Amino acid sequence: MAKVALLIGISEYEPGLAPLPNAVKDVEAMRRVLVNSEMGDFAEADVTMLKNPQRQDMEDAIYKLYANCQKDDLVLFYFSGHGVTVESGDFYFSTSITRKNQGKLIPTSAVAATNVHSWMNQSKSKRLVVILDCCFSGAFAKGLTAKDSGTIDLQQYLGGEGRAILTASTSTQYAFESDGLELSIYTHYLVEGIEKGAADIDGDGLIAVDELHRYAKSKVQEASPAMTPEFYPFKDGYRIFLAKSPKDDPSLKYRKEVERLNRSGKFTVPARRLLNSLRLTFKLASDVADAIEAEVQQPYREYQRKLEEYELTLVETIESEPTLSETTFNDLKDYQQHLSLRDEDVASIEARIIGQPKPTPLPESIQQIDWLDYQANQFEFDIVTVNVQGQPINRSRGRAEFFTENLGNGVVLEMVAITGGKFLMGSLESEPERYNSESPQHPVTIQPFFMGKFPVTQSQWASVAALPKVNIDLNPDPSNFKGVNRPVEQVSWDDAIEFCARLSKKTEKTYRLPSEAEWEYACRAGTTTPFYFGETITTDLANYRGTDWDYNGTVYPGNYAQGPKGEYREQTTDVGKFPANPFGLFDMHGNIWEWCQDEWHENYNGAPKDGSAWLIDNDNQMLLRGGSWSYIPRDCRSATRHYNARDSGNNNVGFRVVVVRGRT
C-alpha cells in the first residue's frame, strides 16, 4: 500500500502558446506539501516531478504511473499547463513541443486525454485522483467512469474507493492566473489548504479530496468570480484522503474562526473583539494571528483590486469614447475576462459611471437603428447559476427594461428589451447529448428587438383571439391544461401567425414570431453553457420530465450530465414560476416548445448569419425551440432544435412574440 504521485508542469512552449511561468512553480509547491510527513506523507521516492518534459517522456510517465500501481495504492496525477480542446471536444494535455497549425492543434505534439482515460481504466488501483490546473480541464472528465474490480479493505488514512477529478475550470472556461500570486490561482489555494490545514473542513485531522476542492474553489471564486473550478467524483472517490492536518493546532482553530467571521474582507466590531480574545485564548503571537488574517482576507482584497482596475479602465474609456464602438466594447469585455470578473461583478460600477449596465454592443453598422418608442419601465429578477452537479453556486439580481401592451380587460403583454450583438449559434461537438442538427456552430449578428417576458398565456391568447379575424379563425380556448397564467398550447404555427397579425393590426406595431437565431440569442443571454443556468439543469429551475422515461424499451434519463433527477409534473405550470435568464426572460427552458418563424433544416449549412428567419425551402415543417414539460432535459438545452407540421397543435407547444422597429 503506497501513495504515488506524478506532478507535471509545463511553463515553456513553442510559438503559438503563451508561456506559463507559474506552472513549474506549481509542481514544486505541490511536491513540497505532498512529501511533508505532517501533510501529504508521500514517500519522496514515490513522487515524480517533470518540468517541461518532451511529449514522449510525458506520455511514458503517465502510462507507467497507472501501469505500475497496485490495487491498494493511492495514485495522484497532477498537471499544470495549457489544456487544449479540439473541434470534436476531445481534450489534450500540452507538452513543451505542443504546436498549432493555422490555429488548430497538431495532435501528435500533445497527449490525448483519451489515452490517459484508457490507462486509468486498465490500472489496478482503486483510488485514483487527478488534479488539473489548466484551461478547459473540465473536458477531461467527460466520458470517464469508475470501474468496479472488487473491494479492498479500506485503510483509515487512504479513505474511500473510486476516482476523483479536480479541475481549475469547466470544459468551456479558461483558467486564470493571478497577478499577486507566485503560483497559479487554483494551485495556490490547493497548497494553502494542505499546508495550513484549512481544507480540513470537518476537523477530523484528515483532508479528503472533496474538502480540498471545496476550500480551493471557495477561495478562487472570492478572488476571481468568473472562474469555476469543478469536482467530478466517481463512486466514493470524494472521500479519498489526500493529506493530514494538525487537528488540535491553535493556529488552525484561529483560522477557522477568522474564516467564519470574515465578511467580504472585513470584520464587524463584535467579530474583531472576539478575535482579539481568541488570540489570547489560543496563545497566538500577534504576528502569527495577523498573518492568518491577511491570508484569509487576501482573496477579497484581490477581488477589490480587480474591481478598482476595471473602474479606472472604464472611466478612461468613457472619457475618450462616450459612445462605445463594437471594437472598444469587445476590448473592454476581453479586459473584464482577463480580470476574471462576471457581468454582475461590474454592473454597479457601470451603473455609477455610465448610468446603466453596459449593453451588449450593436454592430457598428446598425448602432443608430430607430428603436421603438416606448414608455421605459424596469424590473428586477433573480438569476441562478448551478455547478455541474446542479447545486446553486451563485445567486444575483438582474435588471431589464420592458414595456407593456394593453390587450384590454386588465390583460397586458410585457415585452423585454433585448439589445443586439453577436454570438455563436449552435453547440460545440463536446456538449453532452447534443444533436447533429446543432452543427456547424457559426457566428450570427442580431439586431435589437423586444421579446415576450413569458410565453403567450391563455388570458393573452383569449384577448387577441377576440380581435377581428385577419386570415383564419382562432379557437379562443384551445389549451389542454387550463389556467389564465399558464402558457397557451395546442396552437399551430398558422394559429401563432394569425395571433401576431391580429396583435399587429391592433397596436400598429409589427409583432411576429422570433427567428430561430433570435430565439437562441435571447435564450442564451450571453451564456455559452448548455443551459443559461450552467452546465446542467434541475426541476427546481424549470418544468420538464425529470424522471427516467422508458420508451419502447429505451430508457431516456431524467437528468442531464452529472445533474440530479427530479420530478415529472406531467403538465404545464404558470409562467414565471422559475428563475429568469440574465436578459429577464422566463421559461425559455421547458414548460412548452415555442414556435419560431423558420422552416426546419437538418443542419446549419447555409444558414443566415444576420439573425433573419430561414425560409427558403417552403417546407411544411416549422421550427420549435425550448423543450417542454413532457420532454427530457437534453431537449431543453439552449441549442436544441425540434420541428412539427405547421398545422399541428400539441399540448406541449406554444409560442412567444417579438416586436421590432425598423424591419419586419
Side-chain angles (χ1 to χ4, degrees), residues 85-89 136 138-139 142 170-173 360 385-386 388 390 418 421-446 451 513-538 541-542 544-545 556-557 559-563 581-583 585 587-609 611-614 621-628 631-644 652-653 655-656:
T85 55
V86 295
E87 290 182 356
S88 65
F136 318 120
K142 293 179 179 173
T170 69
S171 60
T172 60
Q173 282 183 334
T360 305
T385 305
V386 298
V388 72
I418 309 296
K422 294 181 179 179
F423 82 113
L424 282 176
M425 186 174 181
S427 64
L428 290 169
E429 293 186 4
S430 59
E431 184 164 304
E433 302 182 54
R434 69 187 296 275
Y435 295 101
N436 291 335
S437 62
E438 298 159 24
S439 294
Q441 197 175 44
H442 58 289
V444 178
T445 298
I446 301 293
M451 187 175 227
L513 294 177
S515 71
E516 184 185 15
E518 288 171 334
W519 193 98
E520 184 173 328
Y521 176 80
C523 178
R524 290 188 179 280
T527 65
T528 57
T529 47
F531 306 90
Y532 54 74
F533 299 113
E535 297 284 352
T536 192
I537 193 171
T538 74
L541 301 174
Y544 59 89
R545 187 190 292 260
Y556 297 91
N559 64 306
Y560 181 80
Q562 297 181 49
N581 74 1
F583 279 170
L585 301 173
D587 295 291
M588 298 293 282
H589 294 314
N591 214 3
I592 55 160
W593 287 103
E594 300 181 13
W595 289 113
C596 294
Q597 276 191 305
D598 309 55
E599 297 161 357
W600 168 253
H601 295 81
E602 292 185 354
N603 54 50
Y604 286 132
N605 290 326
K609 296 184 179 180
S612 61
W614 198 3
Q621 306 295 325
M622 309 308 291
L623 247 299
L624 291 168
R625 284 300 202 117
S628 78
Y631 275 66
I632 58 176
R634 170 191 188 181
D635 296 318
C636 298
R637 293 172 302 113
S638 298
T640 299
R641 310 172 69 225
H642 194 41
Y643 63 90
N644 211 342
N652 58 10
V653 175
F655 67 103
R656 74 179 76 207

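The model shown is predicted, which means the values in this text are computed figures rather than measured ones.
Between Leu541 atom CG and Cys636 atom SG the span is 11.5 Å, to the nearest 0.5 Å. Atom CZ of Phe583 and atom CD1 of Ile418 lie 5.5 Å apart (nearest 0.5 Å).
Closest of all the heavy-atom pairs between Tyr631 and Asp635 is CD2-OD2, 3.3 Å. Minimum interatomic distance between Arg524 and Gly426 (heavy atoms only, all atoms of both residues): NH2-O, 3.0 Å. Heavy atoms only, all atoms of each residue included: Asp598 and Pro514 are closest at OD1-O, 4.3 Å. Nearest heavy atom pair, residue Ser515 against residue Gly611, reads OG-O, 2.6 Å. The shortest heavy-atom contact between Tyr544 and Ile537 is OH-O, 3.3 Å. Between Ser628 and Asn652, the closest heavy-atom pair is OG-CB, 3.5 Å.
Side-chain atoms of Arg656 and Asp587, non-hydrogen and from C-beta on, do get closer than 4.5 Å to each other. In this structure, Tyr560 and Ile632 have side chains that are not in contact, with every pair of non-hydrogen atoms separated by 4.5 Å or more. With contacts defined as side-chain heavy-atom distances shorter than 4.5 Å, the pair Leu623/Arg641 qualifies. Two residues are said to be in side-chain contact when any heavy atoms from C-beta on lie closer than 4.5 Å; Asn603 and Ser437 fail this criterion. Put simply, the side chain of Leu428 reaches to within 4.5 Å of the side chain of Gln441, judged on heavy atoms. Two residues are said to be in side-chain contact when any heavy atoms from C-beta on lie closer than 4.5 Å; Pro530 and Glu535 meet this criterion. Between Glu516 and Gln597 there is no side-chain heavy-atom pair separated by less than 4.5 Å. Annotation: side chain of Cys596 is in contact with side chain of Arg625 (closest heavy-atom distance under 4.5 Å).
Below 30°, between 30° and 60°, or above 60°: for His642 and Trp593 the angle between ring planes is between 30° and 60°, a tilted geometry. Note: Phe533 and His589 have tilted aromatic rings, judged against thresholds of 30 and 60 degrees for the angle between ring planes.
Atom CG of Asn605 sits in a crowded spot, with more than 12 heavy atoms from other residues, nucleotides or ligands closer than 6.0 Å. No more than 12 heavy atoms of other residues, nucleotides or ligands lie within 6.0 Å of OH in Tyr643, so this atom counts as exposed by the packing criterion.
Considering only residues two or more places apart in sequence or on other chains, Ala522 meets the side chain to side chain contact (heavy atoms under 4.5 Å, CB included) condition with Phe449, Met451, Leu585, Met588.
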Checklist entry - Taking it one step at a time, do Arg637 and Glu438 satisfy salt bridge (charged side-chain N to carboxylate O under 4.0 Å, His left out)? => result CA-CA 11 Å; Arg637 293 172 302 113; Glu438 298 159 24; 2.6 Å; yes
Item to check | From CA spacing to verdict: side-chain contact (heavy atoms from CB on, under 4.5 Å), Trp595, Asn644 | outcome: CA-CA 9 Å; Trp595 289 113; Asn644 211 342; 3.7 Å; yes
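A donor-acceptor pair is defined here as one N or O able to donate and one able to accept, closer than 3.5 Å; such a pair exists between the side chain of Thr640 and the backbone of Arg634.
A cation-pi geometry, defined here as NZ or CZ lying under 6.0 Å from the six-membered ring centre and within 45° of its normal, does not hold between Arg545 and Tyr556.
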